[in-house]
Trainee: 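Once you've had a glance at the structure underneath, I'll fire off some questions.
Treat the numbers as computed from the prediction; the structure is a model and nothing was measured. What you see below is based on every heavy atom in this structure, not just the backbone, and it leaves out hydrogens, waters and symmetry mates.
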Amino acid sequence: MSQDKIASITCHPVAPRWLFVRVATAQGLVGWGEAIVPKRAHAVAGAVTDLARNIAGADPDRIEDIALRMGHGGFFRGSSAVASAAAGIEHALWDIKGHRYGLPVHDFLGGAVRDRTRLYAWIGGDRPREVVEHTRRRLRQGFSMVKMNATEELDYIDTRERVTQVVARVGSIRDAVGDGVEIALDFHGRVHRAMVKVLIRELEPFHLAWIEEPLGPGFESEMPHLISPDCSIPIATGERLIHRTQFRELFRHGVVDIVQPDVSLTGIFELAKIAHMAEAYDVAVAPHCPNGPISLAASLQVGFATANVVVQEQSVGLHYNQGYGGLPAAEMFDYVRDPAPLTPTDGHIALNSGPGLGIEVDEAAVRASQQWELRDADWRQSDGRIAEW
């Protein structure tokens with residue numbers, strides 16, 4: 001137990017669409033975390049303020065106790081905005097603890113099990129386009145795995161033309177670069193039950209790395225009825241789940257091969273717990289993280305200490321970072337004093353033994369960043385009905 005106390009907690013929106021959380025202690029230590037849910041940024045920032053009032057004055061070393069207070073102190077639970085606010089605060093507490101004792105967070109989680117972590121990169125955007133050129137660019141950058149959205153709007157029962165377009169996009173990458181790249185395909189919860197069956201059958205010949213979120217959250221119990229036992233494509237999901245009790249249901253169904261918790265929803269310690277639970281079911285972990293530098297640094301700390309983390313998502317060059325949809329352009333390196341700990345080399349990030357999260361946030365850059373607003377996409381079917389984004 002330290003003799004220190006939490007003195008202040010503040011939330012800082014930064015371009016292009018990130019929410020940084022700063023925690024300072026009475027003894028002058030500062031830690032940084034990152035929250036997500038950018039289309040509900042005001043709700044997340046408000047939740048940070050609410051949680052900060054409740055844990056002011058607490059010992060920052062008692063991270064699990066504080067996390068339990070944030071998760072269980074209120075009667076109503078399950079909000080992604082509150083969970084993300086709590087996760088951002090928790091990241092910062094681990095960062096403070098690491099700096100207090102001069103250790104990287106992964107040393108508190110059992111120590112390193114690897115020398116580097118493999119990364120993958122996004123291509124194609126929300127409505128996938130120019131995927132061959134994007135893939136070639138990523139290969140030139142040293143990545144050997146890419147991920148793209150499978151489709152744009154898709155109806156409950158859709159046309160053969162739409163199915164052909166999905167298959168043609170994947171086929172164009174295979175035709176262009178062969179088996180020199182692994183392709184993960186994100187259904188993004190956009191694909192309804194009947195079309196899941198059709199697409200999986202059509203896509204099996206392309207030997208995908210995985211199909212992600214074949215159904216949206218809340219439909220986990222339906223997956224055993226959709227995914228054939230002899231399906232050769234690994235199934236991944238879990239980026240919108242918050243707690244290991246939700247992942248427990250996935251493991252019980254026995255369909256999911258890869259889980260994808262996001263450290264900016266779960267927090268660091270909960271992500272580690274989910275990963276260890278997955279290991280008991282021989283399930284791999286590929287943490288979700290199309291986010292900013294602090295989220296990536298936090299996620300990597302778990303991966304460095306966890307053997308069944310097979311690949312890490314990251315957002316360098318993501319379309320959202322380039323002024324997409326009117327957002328201000330920015331990259332993750334804009335907010336760290338030294339980009340080296342987060343710079344990919346040959347599609348990997350090296351083990352980082354710096355204290356805390358292993359990065360130094362440039363507070364002046366955070367405070368000088370542009371404001372932003374990200375509204376709902378409002379996707380529609382051709383007849384005017386809301387479509388899943």
Trainee: I'd like to check Thr306 versus Val285 (side-chain heavy atoms, cut-off strictly below 4.5 Å). Are they in contact?
Mentor: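 No - every pair of side-chain heavy atoms lies 4.5 Å or more apart.
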Trainee: Give me each pair satisfying salt bridge (charged side-chain N to carboxylate O under 4.0 Å, His left out) with a member in residues 43-57, each pair once, sequence neighbours excluded.
Mentor: Asp50-Arg53
Trainee: Output yes when Arg129 and Glu152 qualify as a salt bridge under the 4.0 Å nitrogen-oxygen rule, no when they do not.
Mentor: yes
Trainee: Under 3.5 Å, is there a donor on one side chain and an acceptor on the other for Glu213 and His188?
Mentor: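 Glu213 vs His188: no donor-acceptor pair found between side chains.
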Trainee: Between the side chains of Tyr324 and Asp126, does any donor sit under 3.5 Å from an acceptor?
Mentor: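 On atom types as modelled, these side chains qualify, holding a pair under 3.5 Å.
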Trainee: Determine, stepwise, if the pair Trp210 / Tyr120 fulfils ring-ring contact (aromatic ring centres under 6.0 Å, His included).
Mentor: CA-CA 13 Å; Trp210 67 65; Tyr120 69 82; 5.6 Å; yes
Trainee: Between Glu34 and Ser264, is any side-chain donor less than 3.5 angstrom from a side-chain acceptor?
Mentor: no
Trainee: Say whether Ile211 and Val166 are linked into one hydrophobic cluster, either directly or through other cluster members, by side-chain heavy-atom distances under 4.5 angstrom.
Mentor: yes
Trainee: Ignoring hydrogens and geometry beyond distance, is a side-chain donor-acceptor pair present between Tyr281 and Asn308 at under 3.5 Å?
Mentor: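 On atom types as modelled, these side chains do not qualify, holding no pair under 3.5 Å.
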Trainee: Kindly indicate whether the side chain of Asp262, heavy atoms from C-beta on, has any atom under 4.5 Å from the side chain of Asn291.
Mentor: yes
Trainee: Within the side chain of Asp4, is there an N or O that forms a donor-acceptor pair under 3.5 Å with the backbone of Thr25?
Mentor: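 Judged by distance alone, no pair lies under 3.5 Å.
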Trainee: Answer yes or no: is there a side-chain heavy-atom contact under 4.5 Å between Ile386 and Asp378?
Mentor: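 SC-SC contact between Ile386 and Asp378 confirmed.
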Trainee: Would you check if the side chain of Thr49 reaches a backbone N or O of Ala45 as a donor-acceptor pair within less than 3.5 Å?
Mentor: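 Yes; judged by distance alone, with no hydrogens or angles, the pair exists.
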Trainee: Do Phe108 and Phe269 come within less than 4.5 Å of each other through their side chains, counting heavy atoms only?
Mentor: no
Trainee: Between the side chains of Ser228 and Arg201, does any donor sit under 3.5 Å from an acceptor?
Mentor: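 Per modelled atom types, Ser228 and Arg201 side chains form no pair under 3.5 Å.
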Trainee: Is there a side-chain contact between Leu357 and Trp32 (heavy atoms, below 4.5 Å)?
Mentor: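 Side-chain contact under 4.5 Å: no.
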Trainee: Side chains of Arg240 and His288: do they bring a donor and an acceptor to under 3.5 Å?
Mentor: no
Trainee: Given side chains that start at C-beta, do those of Phe20 and Pro293 come closer than 4.5 Å, heavy atoms only?
Mentor: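 Phe20 reaches Pro293 side chain to side chain.
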Trainee: Would the distance check show the side chain of Asp362 and the main-chain N or O of Asp334 forming a donor-acceptor pair, the cut-off being under 3.5 Å?
Mentor: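 Checked: no pair found.
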